[in-house]
Number of protein chains: 2
Amino acid sequence: MSKSSDDDKPHLAGKVVTISDVSVEAGVSITTVSRVLRGDTKLSIREETRERIFAAVKKLNYAPNPAARSLRTSKSMAIAIILPEAENPAYAPIIRGAQSAAVENGYSLLVSYCGENQTADEIYRNLALNLRVDGLLVTTSQSEDEEILMPDAAGVPTVLVNRRTKAQSSFVIVDDSAGARLAVEHLISLGHRRIAHLSGPLTHYNSAQRVKGYTTALKEAGIDPDPALIVESGYLAADGRTSTQKLLNSCEPLPTAIFCNSLLVAAATVTVCRDNGLKVPDDMSIVSLHDGTIAELIYPPLSTVRYDLFEMGRQATFSLLDLIGGDGSEKKQTVLAPVEFIKRESSTVPRQVSVQLKR
Amino acid sequence: MSKSSDDDKPHLAGKVVTISDVSVEAGVSITTVSRVLRGDTKLSIREETRERIFAAVKKLNYAPNPAARSLRTSKSMAIAIILPEAENPAYAPIIRGAQSAAVENGYSLLVSYCGENQTADEIYRNLALNLRVDGLLVTTSQSEDEEILMPDAAGVPTVLVNRRTKAQSSFVIVDDSAGARLAVEHLISLGHRRIAHLSGPLTHYNSAQRVKGYTTALKEAGIDPDPALIVESGYLAADGRTSTQKLLNSCEPLPTAIFCNSLLVAAATVTVCRDNGLKVPDDMSIVSLHDGTIAELIYPPLSTVRYDLFEMGRQATFSLLDLIGGDGSEKKQTVLAPVEFIKRESSTVPRQVSVQLKR
DNA sequence: CTGAAAGCGCTAACAC
DNA sequence: GTGTTAGCGCTTTCAG
């Protein structure tokens with residue numbers, strides 16, 4: 001008998017109150033309740049009646065069943081954000097931003113990590129077909145234009161977050177070129193002329209933009225960009241380690257400053273420089289894109305270009321909701337400006353005599 | 001005409017294929033399709049028929065409508081994880097762990113941040129009543145036993161993650177007492193006798209356990225715990241800063257080592273020690289609970305006790321699914337062991353002469 | 001201005 | 001072994 005869980009632990013079944021209960025309690029029809037509760041426009045109801053309905057709702061502790069509503073309206077009121085497997089702390093504020101914007105509009109946010117054993121195809125298919133989310137926020141698939149098109153192709157409104165492709169999709173990005181300029185111009189103003197850049201894969205739009213901003217800033221200062229000073233890295237600490245070491249090993253003379261593409265990479269760069277006997281910032285200035293808690297926790301504290309990642313998540317969600325609510329013509333491509341350059345202690349004027357590595 | 005979005009952009013409506021389409025295509029009844037697709041046990045169907053059904057599903061690209069299924073079964077196949085507002089990186093692996101376990105079992109994971117403007121009450125209510133999630137993973141409400149009981153009281157299966165209360169709820173925690181012992185014993189083995197502890201609020205179960213482990217380890221080594229060496233802190237970098245400064249200001253003689261309750265706090269402690277002219281680890285050894293990327297990015301790299309937070313998220317989810325699937329009798333209280341102590345460079349033998357702060 | 005009734009797509013008795 | 005049928009709770013024409 002303890003097995004007939006239907007009666008023992010009703011959970012949310014059985015005692016659940018439906019719209020019909022409310023209509024009985026309020027002495028009106030189901031239709032009226034539904035209309036009042038959804039705030040139906042073109043509805044002129046007696047104030048007294050509407051109050052009676054709200055009273056009944058409150059008394060019975062009623063909440064509409066989302067599954068029933070969803071079945072009827074073909075909208076799940078859920079969106080999903082697809083994230084790479086990576087531990088990059090930059091995603092946390094994006095998620096929080098997206099979540100806040102979603103709930104403000106009555107939507108739920110599903111998180112979905114793009115695991116090893118799933119192709120982008122499978123993920124989109126699962127989210128769109130199986131879960132029937134109303135829209136997708138995509139932070140993965142940086143380079144593969146084809147893949148990124150799929151959700152749109154699958155008919156699910158999609159906006160790219162911190163990504164863009166050549167395709168006509170909605171996206172929200174930060175102007176990485178401007179971000180890179182901010183960082184590099186700071187270094188130049190300090191007197192640096194030999195500035196290296198640890199970039200992401202150059203096939204990624206973001207990384208290409210950063211390289212562009214970096215190059216432009218150098219040229220504007222009359223400095224000829226040295227290809228040897230750009231090393232293609234990833235976005236994580238491990239990437240930063242290997243690429244910094246590579247830079248230090250292969251570069252002659254050494255740069256006096258390094259501009260890194262992410263906090264994690266920059267933190268790793270500081271570490272590797274120190275391991276190689278280079279003092280930061282005296283022997284090597286280091287600046288980074290993004291900003292976050294760890295910028296102030298490492299030593300020396302990192303000079304960074306702050307991006308408002310929380311806002312990016314919010315904006316992306318707003319664009320997505322527009323897309324969902326609209327007729328498909330409201331594709332929006334938002335480019336946020338980097339917030340500011342934050343000078344901390346990882347950057348300073350270059351030494352007069354350039355340092356040499358003991359090899 | 002471009003406004004009649006029903007026809008222009010069918011999205012997922014109109015061209016959507018239902019179980020009935022499949023049944024027609026396969027030449028069987030709807031019931032049969034449903035049974036085959038759900039892998040109904042006690043079903044003996046001709047192999048040829050079942051294949052015909054699967055072929056039809058594939059051909060039509062059919063996926064069951066979760067809303068319809070949900071409406072019928074009163075299960076949403078969604079669980080939610082409730083997180084504090086905090087930026088603590090420790091939550092990332094928990095989320096990923098929970099998400100992986102959820103999808104493995106056909107569930108979706110909703111994330112919900114406990115914002116300023118929402119009481120725990122509202123959150124539980126929203127999740128349970130409005131969204132009808134099947135279960136809740138709660139990482140908030142560390143001290144308020146009452147609040148934490150609410151979801152259970154509201155009839156939604158709940159498991160606490162990295163939290164526990166006196167109440168009879170399911171939870172998954174790491175043995176914080178053992179974790180603290182690992183850290184403190186390491187320090188003792190190095191020769192430290194005056195060891196401080198930056199703890200979380202003592203009303204929190206976790207923090208109390210850590211203090212207990214800390215105290216026990218000291219006593220076992222014949223060291224009398226000095227209450228002045230325990231300072232109540234929070235879990236974030238800012239908390240670590242203020243509490244470390246407080247410790248350094250108020251303590252005479254200074255401790256030779258500090259045991260911190262979280263990575264962020266430890267990182268901040270290192271910073272503050274340095275700002276006060278203390279060399280880490282020579283003047284001050286620092287060890288921390290948890291482990292994560294930043295442990296190796298700060299200087300000096302942090303000695304830590306590693307917790308498997310990803311696994312904690314997974315275990316919690318499994319317990320939750322048990323709870324959801326069961327009759328309510330499967331409350332499970334899981335205590336994970338800390339994985340290991342990781343010796344890095346932030347801890348070493350104490351100096352012979354204890355340091356003095358220049359005040 | 002309000003109500004009756006027809007489903008949305010699916011599952012689960014209950015028949016045959 | 002397989003099919004019929006009655007809803008799950010809601011929205012939404014269409015009547016009145």
Side-chain angles (χ1 to χ4, degrees), chain A residues 6 10-50 52-53 57 60-77 106 129-132 134, chain B residues 6 10-53 56-57 60-77 106 129-132 134:
Chain A
D6 261 19
H11 173 194
L12 275 180
K15 63 184 259 185
V16 130
V17 18
T18 74
I19 195 171
S20 138
D21 300 329
V22 176
S23 76
V24 170
E25 174 74 26
V28 292
S29 80
I30 289 180
T31 317
T32 308
V33 176
S34 172
R35 287 204 272 242
V36 167
L37 258 37
R38 278 176 305 110
D40 197 327
T41 47
K42 62 181 188 262
L43 169 74
S44 31
I45 200 173
R46 277 211 308 282
E47 191 52 37
E48 187 255 333
T49 316
R50 103 184 282 112
R52 205 143 30 87
I53 290 172
V57 166
L60 299 177
N61 203 20
Y62 168 76
N65 182 323
R69 183 173 272 183
S70 181
L71 180 56
R72 194 53 237 251
T73 60
S74 300
K75 308 194 88 295
S76 66
M77 295 306 278
L129 261 76
N130 294 47
L131 299 179
R132 307 282 166 104
D134 294 334
Chain B
D6 262 19
H11 173 196
L12 275 179
K15 62 183 258 185
V16 130
V17 18
T18 75
I19 194 171
S20 140
D21 299 329
V22 176
S23 75
V24 170
E25 174 73 26
V28 292
S29 80
I30 290 179
T31 317
T32 307
V33 176
S34 173
R35 287 203 273 239
V36 167
L37 257 36
R38 277 177 304 112
D40 197 328
T41 46
K42 64 178 187 270
L43 168 73
S44 30
I45 199 173
R46 277 210 307 282
E47 191 54 36
E48 186 254 332
T49 316
R50 103 186 281 113
E51 271 167 20
R52 204 142 31 88
I53 290 172
V57 165
L60 299 177
N61 202 21
Y62 168 76
N65 181 323
R69 182 175 273 182
S70 182
L71 180 57
R72 191 58 237 251
T73 60
S74 301
K75 308 192 90 294
S76 66
M77 296 307 276
L129 259 75
N130 294 42
L131 298 179
R132 308 282 166 103
D134 294 334

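Note on naming: letters A, B, ... go to the chains in the order of the sequence lines (proteins, then strands), and numbering restarts at 1 for each one.
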Going 5' to 3' along nucleotides 10-16 of chain C, which nucleotides have protein heavy atoms under 4.0 Å from the base (write B), which only from the sugar-phosphate (write S), and which from neither (write -)?
BBBB---
Please state how far atom CZ in A:Arg46 lies from atom C1' in C:dT2, giving the value in whole angstrom units.
10 Å
Of the non-hydrogen atoms in A:Asp134 and A:Met77, which two are nearest, and what is the gap between them?
OD2-N, 2.6 Å
Taking CG from A:Leu37 and P from D:dC10, how many angstroms apart are they, rounded to a whole number?
9 Å
If I take atom NZ in residue A:Lys75 and atom C1' in nucleotide D:dG9, what distance separates them, rounded to the nearest angstrom?
19 Å
CG/B:Asp21 to CG/B:Asn61 distance, rounded to the nearest 0.5 angstrom?
12.0 Å
Starting at CD1 of A:Ile53 and ending at P of C:dC1, how long is that distance when rounded to a whole Å?
15 Å
Of all heavy-atom pairs between B:Val57 and B:Leu37, which one has the smallest distance, and what is that distance?
CG2-CD1, 4.0 Å
Can you check the A:Met77 CE to D:dG9 P distance for me, whole Å?
21 Å
If the condition is side-chain contact (heavy atoms from CB on, under 4.5 Å), which residues does A:Ile19 pass it with, not counting sequence neighbours?
A:Ile30, A:Val33, A:Ser34, A:Tyr62
NA contact type, B:Ser70, heavy-atom cut-off 4.0 Å: base, sugar-phosphate, or nothing?
nothing
Choose from C:dG3, C:dT2, D:dG9 the nucleotide whose nearest atom is closest to any side-chain atom of A:Ser29.
C:dG3
Roughly, in whole Å, what's the span from CZ in A:Arg50 to C1' in C:dC1?
13 Å
Write down the atom of A:Arg132, the atom of A:Ser76, and the distance for their closest heavy-atom approach.
O-OG, 2.7 Å
Using atom CG of B:Leu71 as one end and atom C1' of C:dC8 as the other, report the distance to the nearest whole Å.
9 Å
Give, for atom OG of A:Ser70 and atom CG of B:Leu71, the distance between the pair rounded to the nearest 0.5 Å.
9.5 Å
